[in-house]
Amino acid sequence: MKTDFVVQTPNFEGPLDALLSLIEKRKLYINDISLAKVTADYIQFIANNDESITNKAEFLTIASTLVLAKSKSLLPEMMTMEEEEEISELEDRLRAFQLIKEQGGVLAGIFGKQPLFFPQVTKSQTTESVFAPGTTLTKTLLAEKAQAAIVVLPEDTLPTANIEKIVSLEEEIERLERRCRKVASLSFSSAVRSGNRQDKVVLFIAILELSKTGIIRLEQSSMFSDIMIYSQ
Amino acid sequence: MNQLTAKIESLLFYTQEAMSVKEIAKLCGESAGEVETALAKLKEKLAESGLALVTTDKSAQLVTSPNFSDFISEIREEEINTDLTEAQSEALATVAYLAPVQKVRIDFIRGVNSRAVLRNLSVRGLVSRRTADGVSTYDLTPEALAHLGITEKKELPDYEETREKLEAFSEPEEPSLEVEE
Amino acid sequence: MNQLTAKIESLLFYTQEAMSVKEIAKLCGESAGEVETALAKLKEKLAESGLALVTTDKSAQLVTSPNFSDFISEIREEEINTDLTEAQSEALATVAYLAPVQKVRIDFIRGVNSRAVLRNLSVRGLVSRRTADGVSTYDLTPEALAHLGITEKKELPDYEETREKLEAFSEPEEPSLEVEE
C-alpha cells in the first residue's frame, strides 16, 4: 500500500479536492478505472491525515464510493444498477468540481485587474445643504443598533454543521487493536459497529492500516466470505 | 435617445446604486417591460462613452466604462482587495456560472459545506442571497461583475459552454449537506 | 465620441465632483486647451441624454439633466423625508460608535455593502466623508450630534464599551471566516 503520495499538512478544501489532486497527480482522466486506481491512495490519505480532516463524514462517504469502484474493477459483473450509478455520480461530481476549479482560477486571474468603478460616495449634485434625520433617530436607537451588531457578529463565525457523528478512524484503529489483543481472531462482520456503510468503510480502512503495520493478519477463504482478522 | 432611456439614466446617475427593474418601473411610472427595453437601449448607447451599465437578472447600475479601467485605477481612492482564496474563487465561480443557485448545489459541487465561504463573499459584497417562495438562491452582485470587468454574466469567460457542462454534471440527487443557515 | 471626451466623462462620473480644467488636464495628461475642447464636445453629446455637464469658467461637473429636474427632486424628497430604514440606522450606529471609520469596516460589521446607505445618510446630512492621505473615513456631522442632543460622541450611551466590542469584531480580513468547516 506504499504510494508516492504523502502529504503531511493537507490543505485540501474537502474530499473532492483531495481525490481530484490524487487523480491529477497520476495524470489520469476522470473515469471509473482511475477511481479504482486511486482508491488505495485516497484511503492512505485519510489514514495519514485523520486528525486534520475536518469534514470527516464527507471524506468517508467518498471513500465508500471508491471502495465500490475498486470492487467494480475486480468484479464488474457483481455491480448493481444502483452501485453503478453511485460511481458514475462521483465521476460527474469530480468533473464538475474540476471545471469549477479551472474557471475559479480564470475568474481569480481577472478579478480586480480591469475593474469597472462605481462613483465615489458623495452628497448629491445639489449644493444646498439638507438636514433630514426623520422622526425616529435618537441616541437610544443608535445604542440599540450598535448592541445588535455586537450580538450578531460572534455567532456568525461559529460552525453550525450538524452532520452525523462519525467514528474517527483513529478511534476505530485503537478499538480494533484492543480487541485483537484480547482475542486471537474475530470476523469482520462481528467487528463492525453497524450496517452503516460508512462504519464498514472506517473498519475496512482500519484493518488495512493494522495489517500494514503487522499487528494483524487478514484472511478471506473465498470471494465474499467474511474476512477473518487474526492478531499476530 | 428616447425619453424613458434618458430618464432612467438620470435616475441611475442620481441614486448611484443598483436598482431593480421593478423599482425603476414604479418610480418612472412605466411597465417593467418598457423599462427592460429602455435599459437595453441605454446599455447600447453607452457603449462608446465613458460610462457603462452593469446589469444582473434583476438590477441595473451605472459604472465607469471598461475602456478606462486602467485610468480610473490610477486615481482611485479605495484599494480594491483583489485576493481571492482558493475556496472563494471556487464558490464565486459556482455562483457565477450557475446563478441563481442554491447553497446545497454549491456544497454538492465543492464537496464541502460552503456556509463560511459564502458568508465571506457576501461580506465582500460579491454574492447576494435572495429568498423567493421559501427557496434561497445566490447570485453575483453588480460589484462582482464590476470587479471582474464585465457588465453582465454572459461576458464571463466561456459562459455558455461552462454553464451547460456544469448543468449536465451537477444535478444533485438529494441534498448531501443539509445545514440550515 | 472621441477618446478624451469619454475619458473625461468617466473621470467626472467617478469623482462626482466639480473638477477644474487644470486638474482634469493633469490627470488625463493633456493640455488645458484640449480638455476645454473635449468638455465642449461632452456638453454637446450629453444634450439629449439623462445627464448634463455644468461648466463654470474654471470647472466642470457631471449632473443629472435639467430635463429631469422635477423627477429627480421628487425622488430626492421621497428619499430624505422618510424615517431611517433598518439598514440606515444600523449603518449610522456603526459610524457613530466607530468614527472616524472606513467604509470597508462598516461593510464587514454589517455583512453587506453599505455604499447606497452611506450615500443616503450623506444626503440627509447625518454623516460626512473626509479624505486624508488617500483614505476616506466617515463621521457624524455636527448637525447629527446636535439632533441627538449630545456635544460629542463620547456622550453616546455606553460609548467606550460598545466601541471596544465593535472594534474587536471589525477586522475586515478576519481569518476565521475563511476556515471551512
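Chain letters run A, B, ... following the sequence lines, proteins first and then strands; every chain starts at 1. We use all heavy atoms of the structure for the numbers below, so side chains are in, but hydrogens, waters and symmetry mates are not.
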> Distance from Glu23(C) atom CD to Ile75(B) atom CD1, nearest 0.5 Å?
Replying inline: 9.5 Å
>> Which residues pass the side-chain hydrogen bond (donor to acceptor under 3.5 Å, both in side chains) test with Ser136(B), not counting sequence neighbours?
In response: Thr131(B)
>> Report, in residue-number order, which members of residues 139-152 of chain C are under 4.5 Å from chain B by heavy-atom distance.
In response: none
> Which pair of non-hydrogen atoms, one from Ala6(C) and one from Glu48(B), has the smallest distance, and what is that distance?
Replying inline: CB-O, 4.0 Å
> Is it the side chain or the backbone of Glu79(C) that comes within 4.5 Å of chain B heavy atoms, both, or neither?
Replying inline: side chain
>> As a quick check of understanding, evaluate side-chain contact (heavy atoms from CB on, under 4.5 Å) for Phe13(C) and Gln16(B), giving each step before the final call.
In response: CA-CA 10 Å; Phe13(C) 171 76; Gln16(B) 299 185 13; over 6 Å; no
> Can you list the residues that meet the side-chain hydrogen bond (donor to acceptor under 3.5 Å, both in side chains) rule with Ser73(C), with sequence neighbours excluded?
Replying inline: none
> Is there a side-chain contact (heavy atoms from CB on, under 4.5 Å) between Tyr14(C) and Arg76(B) once you walk through the steps?
Replying inline: CA-CA 9 Å; Tyr14(C) 175 72; Arg76(B) 73 170 161 210; 3.4 Å; yes
> What option among Thr64(B), Thr15(B), Leu62(B), Asn67(B) has the most heavy-atom pairs under 4.5 Å with chain C?
Replying inline: Thr15(B)
> By a 4.5 Å heavy-atom criterion (distance strictly below it), what part of Leu12(B) contacts chain C: side chain, backbone, both, or neither?
Replying inline: neither
> Which residue pairs pass the salt bridge (charged side-chain N to carboxylate O under 4.0 Å, His left out) test with at least one member in residues 51-72 of chain B, sequence neighbours excluded?
Replying inline: Asp57(B)-Lys153(B)
> What is the minimum heavy-atom distance between Ser10(B) and Leu51(C), and which atoms define it?
Replying inline: CA-CD2, 4.5 Å
>> Given heavy-atom pairs under 4.5 angstrom as the criterion, report whether the side chain, backbone, both or neither of Glu86(B) touches chain C.
In response: neither
> Rounded to the nearest 0.5 Å, what separation is found between the OG atom of Ser49(B) and the CG atom of Leu42(C)?
Replying inline: 9.5 Å
